[in-house]
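First up is the structure itself, then whatever we jot down about it.
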Amino acid sequence: MVVEAQVGADALLHDALGPSLERLRSCRAEAVTPETVHQARVATRRLRANLKDLRSVFGEGWDGDMRQELAWIGGLLGGVRDADVLAVALEAELEDADDRVRRAGGVLLAEVRRDRTRPLEELIYGLGHPRFSAVVDRVGALIDAPPAPDVEIVPAIVVSPAWRGLKRAVRALPAEPTDAELHAVRIATKRARYAAEMFVTVAGPEARRFTRRAGRMQDVLGRHQDAVVAVAWLRSRSGTGPKVAFAAGWLTSRFEAARDADRQAWRGPWDALARPEARFW
């Protein structure tokens with residue numbers, strides 16, 4: 001079913017950008033938790049993607065340098081979030097390990113937590129900086145007083161460019177894609193999903209069906225990328241003592257197996273997403 005309903009600029013920006021703005025505001029210097037960092041990072045990425053996709057509606061440059069400023073915030077959040085994801089992944093794998101590996105793995109977990117210290121300090125400083133408040137205020141002002149759109153706001157105008165980008169990324173893959181190429185597909189999937197989610201209120205079940213399918217594909221590619229990052233980090237610890245090195249090797253083999261399992265597993269969700277009936281615009 002093709003949805004052609006026109007959306008007002010006020011309603012679109014309120015529904016699309018408003019929830020992300022609130023998640024960003026909830027990440028405060030005095031109350032940084034893994035969950036607030038996660039939500040703020042997702043919100044920052046979503047805002048950047050939405051602002052870019054809405055150029056088809058409001059014109060190039062409509063958001064000024066806001067995407068660059070959000071990228072600065074994303075950088076602050078990224079170091080902390082990456083360490084949190086790695087720590088959770090290591091803890092989950094160590095639950096299945098024997099005592100020897102689990103004890104040595106504790107040393108690796110301690111290293112991850114030490115790696116988090118400096119990014120956390122930088123994040124807390126950044127959250128308290130006037131620059132952060134200024135970005136948040138600017139996003140709020142844009143939602144409260146959007147510019148006049150250049151075209152009628154319908155799903156096809158906004159979602160189609162992101163969808164074409166995803167199709168190009170998938171079609172460009174070789175038979176045996178590299179980790180970096182799969183990561184690029186993951187980013188393109190995320191952008192298509194974020195673009196579609198702006199129209200869930202208008203398109204209803206049809207848009208939700210598309211975003212669910214995109215989410216399943218994104219989840220598989222996300223697991224793959226998390227395993228890639230974990231393997232790279234563990235290999236960088238090869239100079240540690242023999243017990244810790246053994247644990248790192250054991251963990252590396254586990255993450256490599258998970259990575260390889262997901263290297264092709266995303267194609268099933270992609271087939272479902274690529275079906276014509278999955279599109280609503």
Side-chain angles (χ1 to χ4, degrees), residues 19-49 70-97 101-129 132 135-136 179-180 182-183 186-187 189-191 193-194 215-216 218-237 240 244 247-248 250-259 261-262:
S20 295
L21 178 60
E22 290 310 309
R23 292 187 182 97
L24 202 54
R25 283 173 171 160
S26 297
C27 191
R28 300 185 301 275
E30 66 275 12
V32 174
T33 68
E35 182 59 21
T36 59
V37 169
H38 170 55
Q39 293 297 331
R41 192 186 195 191
V42 171
T44 302
R45 288 176 167 176
R46 187 185 296 272
L47 283 168
R48 294 190 73 239
L70 287 165
W72 167 70
I73 295 175
L76 293 175
L77 295 161
V80 179
R81 178 58 185 165
D82 289 345
D84 288 341
V85 170
L86 180 56
V88 169
L90 291 177
E91 288 172 346
E93 293 298 336
L94 288 170
E95 288 180 359
D96 295 331
V101 171
R102 194 178 298 114
R103 285 194 297 270
V107 176
L108 294 168
L109 275 172
E111 289 188 23
V112 173
R113 292 174 181 132
R114 281 196 299 271
D115 288 349
R116 186 182 190 268
T117 301
R118 181 62 181 272
L120 179 60
E121 292 172 350
E122 293 174 351
L123 173 60
I124 290 172
Y125 176 80
L127 291 174
H129 196 279
F132 178 83
V135 177
V136 171
D179 295 334
L182 289 178
H183 184 48
R186 178 197 181 197
I187 292 172
T189 305
K190 193 180 301 184
R191 183 186 168 194
R193 175 188 171 192
Y194 288 164
R216 285 193 284 271
Q218 182 183 328
D219 287 345
V220 176
L221 291 168
R223 290 198 309 267
H224 175 271
Q225 179 62 18
D226 289 346
V228 168
V229 171
V231 167
W233 186 88
L234 287 163
R235 286 178 175 169
S236 73
R237 267 53 185 176
T240 56
V244 177
W250 184 88
L251 287 163
T252 297
S253 68
R254 301 269 292 190
F255 284 113
E256 286 177 335
R259 177 200 63 194
D262 284 326

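Here, residue 1 is the first one in the sequence, and each next residue gets the next number. Computation of the quantities below employed the complete heavy-atom set of this structure, encompassing side-chain atoms and omitting hydrogens, waters and symmetry-equivalent molecules. Fair warning: this is a prediction, and the values are worked out from it, not measured in the lab.
- Every residue two or more places apart in sequence or in another chain that forms a side chain to side chain contact (heavy atoms under 4.5 Å, CB included) with Val37 is listed here: Val32, Leu77, Val80, Arg81, Leu123.
- Not counting sequence neighbours, the partners of Arg41 by the side-chain hydrogen bond (donor to acceptor under 3.5 Å, both in side chains) test are Asp82.
- When the salt bridge (Lys or Arg N to Asp or Glu O under 4.0 Å) test is applied to Arg223, the partners found at least two apart in sequence or on another chain are Asp262.
- The pair Glu91-Arg113 counts as a salt bridge, with a side-chain nitrogen and a carboxylate oxygen less than 4.0 angstrom apart.
- Residues forming a salt bridge (Lys or Arg N to Asp or Glu O under 4.0 Å) with Asp219 (at least two apart in sequence, or on another chain): none.
- Here the CZ-SG distance, from Arg23 to Cys27, works out to 13.0 Å after rounding to the nearest 0.5 Å.
- Partners of Arg116 under the side-chain hydrogen bond (donor to acceptor under 3.5 Å, both in side chains) rule, at least two apart in sequence or in another chain, are Asp84.
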> Going through the checks in order, is the side chain to side chain donor-acceptor pair (under 3.5 Å) test met by Gln218 and Arg186?
Replying inline: CA-CA 6 Å; Gln218 182 183 328; Arg186 178 197 181 197; over 6 Å; no
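- One finds the CD1 atom of Ile124 at 13.0 Å from the CZ atom of Arg28 (value rounded to the nearest 0.5 Å).
- Contact annotation: the side chain of Arg48 never approaches that of Tyr194 to less than 4.5 Å [non-hydrogen atoms, C-beta and beyond].
- Looking only at side-chain heavy atoms (C-beta outward), Leu108 and Leu94 stay at 4.5 Å or farther from each other.
- Residues Thr36 and Ala31 come closest through the heavy atom pair OG1-O, 3.7 Å.
- Taking the salt bridge (Lys or Arg N to Asp or Glu O under 4.0 Å) definition, one finds that Glu95 meets it with nothing, sequence neighbours left out.
- When side chains are defined from C-beta on, Leu251 does not count as touching Val231, because their heavy atoms never get closer than 4.5 Å.
- Scanning both residues, Ala247 and Val101, for their nearest heavy atoms gives CB-O, 3.9 Å.
- The CD atom of Glu30 lies 9.0 Å from the CG atom of Leu127; values are rounded to the nearest 0.5 Å.
- In this structure Gln225 satisfies the side-chain hydrogen bond (donor to acceptor under 3.5 Å, both in side chains) test with no other residue, sequence neighbours excluded.
- Between Asp179 and Arg259 the shortest side-chain heavy-atom distance falls below 4.5 Å.
- Using a 4.5 Å heavy-atom cutoff, the side chains of Trp233 and Leu90 are in contact.
- Listed by chain and number, the residues in a salt bridge (Lys or Arg N to Asp or Glu O under 4.0 Å) with Glu121 amount to none (sequence neighbours excluded).
- Looking at Leu76 and Tyr125, their side chains never come closer than 4.5 Å, going by heavy atoms from C-beta outward.
- Gly128 and Ala29 make their closest contact through N-CB, 4.3 Å (heavy atoms, listed as atom of the first residue, atom of the second, distance).
- Atom CZ of Arg25 has more than 12 neighbouring heavy atoms from other residues, nucleotides or ligands inside a 6.0 Å radius.
- In terms of the side chain to side chain contact (heavy atoms under 4.5 Å, CB included) criterion, residue partners of Arg102 (sequence neighbours excluded) are, by chain and number, Asp99.
- Shown here are the side chain to side chain contact (heavy atoms under 4.5 Å, CB included) partners of Ala89, two or more places apart in sequence or in another chain: Phe255.
- Contact annotation: the side chain of Thr252 approaches that of Arg235 to within less than 4.5 Å [non-hydrogen atoms, C-beta and beyond].
- When the side chain to side chain contact (heavy atoms under 4.5 Å, CB included) test is applied to Ala257, no partner is found at least two apart in sequence or on another chain.
- Residues that satisfy the side-chain hydrogen bond (donor to acceptor under 3.5 Å, both in side chains) test with Arg254, not counting sequence neighbours, are Glu93, Asp96.
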